[in-house]
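One is the number of the first residue; the rest follow in order along the sequence.
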Amino acid sequence: MSDSENLEKKLKHYRLSRDEYERLTGLLGRAPQGVEWALFSALWSEHCSYKSSRIHLKSIFNRSERVLAAFGENAGVLDLGQGERIAFKIESHNHPSYIEPYEGAATGVGGILRDIFAMGARPIALANYLAFGEMSAPRMTALVDGVVRGVGGYGNCVGVPTITGQAEFHRSYNKNILVNALALGLFREGEPVLSARATGVGNLVVYVGAKTGKDGVHGASMASESFDSAGESKKPTIQKGDPFYEKLLIESCLEVMRERLVEAVQDMGAAGLTSSSFEMAARGGVGFKLELDRVPLRDRSMTAEEILLSESQERMLLIVRPENIEKVKSVFTHWSLDAEEIGTVTIGPDVELFWHGECICRIDPRLLTDEAPRYERPFDQWSPKHRVDSKSLVAMSASGMEQPAGQLLKILASPLGGSRAWIYRQYDQRVGAKTVFDCEENTGVVRLPDSGRQLALVLGGRPHVMRFDARVGGADSVAYPALELAAKGFLPLGVSDCLNFGNPENRDIMSEFVAALDGMNEVACELATPVISGNVSFYNETLGANITSTVATGLVGLGDPIDNTSIDACETLPPRSSFQNARDELFLLECDQITFTGMNAEFVGGATLGHGDINSRDTARFIQLVRHLALAGAVRSTRVVGKFGLPYALARMCTPSLGAKISWEPKIKGRWFDETLYQVIFAVEPDQAYEWRQLFEKIGANLPVKLVRLGEVTGDALVFEPRDRNQIWSVPTVKLRQAYETPWEI
């Protein structure tokens, strides 16, 4: 084989382009040697370097007086006051979950948990954002089953409740599903916030946790490329997780952190020991001397390269002062975990790798981190998509116009509109006894143990809005979940985002990425809710077919204290998402910016079109207004109107014994299931409805919003009574629930 052919073979194996090869040879002053190939392959991958997105991420709004840590650490940290702080982050595990759904989803949960307790926070809540294809697509039933079992199998065993989530279904995910995992952790008063920045020349580099195996080798570079039809060949790159080891690792790490025995911590996640060691050294401006043959192994035949790239789970890298090493070892021995000194912190700048006494690599870590390629992928300036004027929308045929009751039942019985209970009932939602609202509600809520305050968590990001317009979809990924928090009385505090996109080398995809990021950033800035952590997942495509560009977000909000002894019967709980009492008056609060045909158009095979545009400042003011109105004691229940419009939202609020009489009709005759950004339903106690409306007049008079009375909560049917008496229609609540809970699952 010629030198040229041998080079091409190496470039293909290590997933490096010819231009990247030329760049690294220029930095080194020579061709890469030995394990250097593996190092550059891992840390210059899209997954680790963010080489296609970094220039755009610099503009993200990520600062406020509450932010204690943001990008550059394992997770973002917010100060809640009263001695309480939280860490949270969402990340993707898309490629591994498509190849091996159970292990891919399980290790996604394990990995995000480690990002949280690596900061020093105890994990207290989990959430997940899932996107699947059509159930008739090849492998889809197995993918759905494996992912849901993997999420539950890991989270349930490790003892952290899953309190909220989101599951989407669309044909664009037929060959590339999304599995995004979020974890949230709590620092109690006096507990330290740890950094991933190595410090202290002479300090020890300590490997802790499970032993290293060959699973996950080249996982980071695999997650940085598109799929072809050879998915089976990638299975060796998928990690295997053990939630029981994770539980031991959580307790042991938190113990040494509380005792101030650790200087810095890094999870061995993507690219394993390579990323954790080189990134820690580069952040701290120091060097490392590492002895790879001291790494605890499951397989003694492993090579130095395999040890560097392995993504075996439940492992961490600690920086420990020499005088503390015996105490650290004692703690990990107590929890039956390895704690092995594998190196020392040096004055630097080089990281030196030794294998059985021989130095096999000496390299400045900044060449792998700071000098990674930065691509300015071409993109187009965004202009509104799929817009028509209001007259054109009126002229369009109205799907479901003749039989809205039948259309509503079909929607409720479909994968697009049906219950997700069969998914979340596989998760332990209340372990730890701090859950106030679980997945049965729109917003997950836990009670903070010291202050008694409520902490809310909600996911956002609606793919059908992204398909309508990427900039609007990006803005909506913050606005809609922030509105859900506000509708329960919570103050939105911060955002974590997972940006799932196709091939960034595709100009259209990059244009959507930039537009969505701009929209998201604008709303976050107006709301003063900083984006403090997250993940970019590119190359979500198979054989040239991209997924829907999908912005998944997690937002946290803070609410008033509640009595721990009365969570089930507490009168100060947030408004519920379903009707609570007959005769409650129903109101619709609206900030009419965009009206579009929405998910119903996709459901019936029509065009997704609309008119109007989103105004971030008006949206932020609307969200603030909603929160003030939701905090009024007269409000029994609230729901943000989303997919399939107002009738679907009202149907979701119905219980088997409580329906509603609604004197409302769509703006355009017959278009019952169009969607408007943004609307919120309030159910208010009848005796206090007048005072509540006076409150609205007082605080909302100068805002571009409208409040209308919809009707009232009644008996056992959902009835619409528009002005045209010939258009009255109704559905028994029993039928609504039967349709919604139709067992369409696998």
Side-chain angles (χ1 to χ4, degrees), residues 60-61 76 78 86 88-90 125-131 162-168 178 180-184 420 424 437-439 441-446 454-466 472-500 516-517 519-535 550-559 574-575 577 591 593 614 616 619-620 622-627 630 638-643 649 652 675 677-681:
I60 284 182
F61 172 69
L78 291 177
I86 55 169
F88 67 103
K89 186 180 183 182
I90 186 171
L126 287 166
N128 56 83
Y129 185 107
L130 312 176
T162 299
I163 64 171
T164 192
Q166 189 166 326
E168 302 288 341
L178 301 184
N180 295 175
L182 182 148
L184 182 151
R420 305 300 194 247
Y424 61 71
F437 281 179
D438 59 21
C439 299
E441 289 285 339
N442 291 351
T443 301
V445 181
V446 294
Q454 299 169 84
L455 186 69
L457 175 63
V458 63
L459 297 191
R462 299 191 290 171
H464 79 284
V465 183
M466 286 290 296
V472 173
D476 182 77
S477 73
V478 175
Y480 191 84
L483 192 55
E484 290 192 293
L485 289 173
K488 304 304 178 188
F490 291 98
L491 175 67
L493 295 183
V495 183
S496 184
D497 67 331
C498 194
L499 308 176
N500 304 275
L517 193 61
M520 181 186 74
N521 199 46
E522 189 174 298
V523 175
C525 187
E526 288 288 349
L527 283 171
T529 53
V531 183
I532 63 169
S533 61
N535 171 233
T550 306
V551 179
T553 55
L555 272 69
V556 294
L558 192 61
S577 299
C591 181
Q593 302 178 86
I614 196 162
S616 296
T619 299
F622 179 66
I623 290 168
Q624 292 161 1
L625 171 64
V626 167
R627 176 171 174 263
T638 58
R639 184 176 286 271
V640 180
V641 180
K643 62 183 181 183
R652 292 283 309 279
E675 300 173 27
L677 306 181
Y678 289 100
Q679 299 172 321
V680 181
I681 302 166

Tell me whether [X] contacts the main-chain N or O of [Y] through its side chain, where contact means a donor paired with an acceptor under 3.5 Å.
X	Y	answer
R639	V680	no
T162	L126	no
Y129	G461	yes

- Task: Test side chain to side chain contact (heavy atoms under 4.5 Å, CB included) on V445 and F490 and set out the steps.
- Result: CA-CA 10 Å; V445 181; F490 291 98; 3.8 Å; yes

- Query: Does a side-chain heavy-atom distance below 4.5 Å link L483 with F622?
  - Reply: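 Heavy-atom side-chain distance check passes, below 4.5 Å.
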
Which value, rounded to the nearest 0.5 Å, describes the distance between [X] atom [atom1] and [Y] atom [atom2]?
X	Y	atom1	atom2	result
I90	N128	CD1	CG	9.0 Å
Q166	L130	CD	CG	9.0 Å
I623	L527	CD1	CG	4.5 Å
I532	K89	CD1	NZ	11.0 Å
L558	L493	CG	CG	5.5 Å
L184	L182	CG	CG	7.0 Å

Could you report the tightest heavy-atom contact between [X] and [Y], atom names first, then the distance?
X	Y	value
L555	V478	CD2-O, 3.7 Å
T443	A456	CG2-CB, 3.7 Å
M466	G474	SD-N, 3.6 Å
F437	P574	CZ-O, 3.7 Å
E441	S577	OE1-OG, 2.6 Å
T638	P575	OG1-CB, 3.9 Å

- Message: Please evaluate residues L78 and F88 with respect to the criterion side chain to side chain contact (heavy atoms under 4.5 Å, CB included), reporting the C-alpha separation (whole Å), side-chain torsions for both, the decisive distance (0.1 Å), and the verdict.
- Response: CA-CA 9 Å; L78 291 177; F88 67 103; 3.7 Å; yes

So, [X] versus [Y]: side-chain donor-acceptor pair below 3.5 Å or not?
X	Y	result
H464	E168	no
N500	N180	yes
Q593	T619	yes

- Under 6.0 Å from the six-membered ring centre of Y480 and within 45° of its axis: does the NZ or CZ of R462 meet both?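 That pair qualifies as a cation-pi contact.
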
- Message: Quick one, D497 with M520, criterion side chain to side chain contact (heavy atoms under 4.5 Å, CB included). Give me CA distance, side-chain angles, the key distance, then yes/no.
- Response: CA-CA 9 Å; D497 67 331; M520 181 186 74; 3.3 Å; yes

- Could you give me the CA-CA distance, side-chain angles and deciding distance for T553 and S477, then say whether side chain to side chain donor-acceptor pair (under 3.5 Å) is met? CA-CA 6 Å; T553 55; S477 73; 4.7 Å; no

- Would you sort out whether Y678 and V641 count as a side chain to side chain contact (heavy atoms under 4.5 Å, CB included), showing the intermediate values? CA-CA 7 Å; Y678 289 100; V641 180; over 6 Å; no

